[in-house]
Amino acid sequence: MGNCSSNKTMEAAKAGGMPDPSALAAQAAAAVPNVPSIDVKAMAELAKAAPSILAKIEAAKHLNPDNLMAKYWDLGYFTSQNQLKQLGLLQIVRSGAENPDSGMGM
């Protein structure tokens, strides 16, 4: 693996898009005001965890190449999305990042 790849992932998370978690949570709540299932606190926590999740995905690509989530993860696509979509993607792949030895990874 190596630190270069992890550093690039962390830089992408910072430069590409994870804003202040509380600002992002407020933006999410404003974007979908009629959806009661949005947990603003959980979204803020996810935004804080984004660099760690991205680093885990990068590690899984190298340590567990059979993990389908890591195999098909595209950091370029992720960073090209708006911040709300980035959070949605992170929410979807989080279990795969946290369980890299899983074959499915999602």
Any donor-acceptor pair under 3.5 Å from Asn64 side chain to Asn67 backbone: no
Pairwise distance OG1(Thr79) to CG(Asp74) - rounded to 0.5 angstrom: 8.0 Å
Side chain Gln81, main chain Gln86, donor-acceptor under 3.5 Å: no
Backbone of Asp66 reached by a side-chain donor or acceptor of Lys71 within 3.5 Å: no
Atom pair CG/CD of Leu63 and Glu58 - distance to nearest 0.5 Å: 10.0 Å
Nearest non-hydrogen partners of Arg94 and Ala49, listed with the distance: NH2-CB, 3.7 Å
Side-chain touch Leu87/Met43, heavy atoms, less than 4.5 angstrom: yes
Pairing residues for Tyr72 by the side chain to side chain contact (heavy atoms under 4.5 Å, CB included) criterion, not counting sequence neighbours: Leu68
Pairing residues for Gln91 by the side-chain hydrogen bond (donor to acceptor under 3.5 Å, both in side chains) criterion, not counting sequence neighbours: none
Rounded distance (nearest 0.5 Å) linking atom OH of Tyr77 with atom CG of Leu89: 6.0 Å
Within-4.5 Å side-chain heavy-atom neighbours: Leu75 and Ile57: no
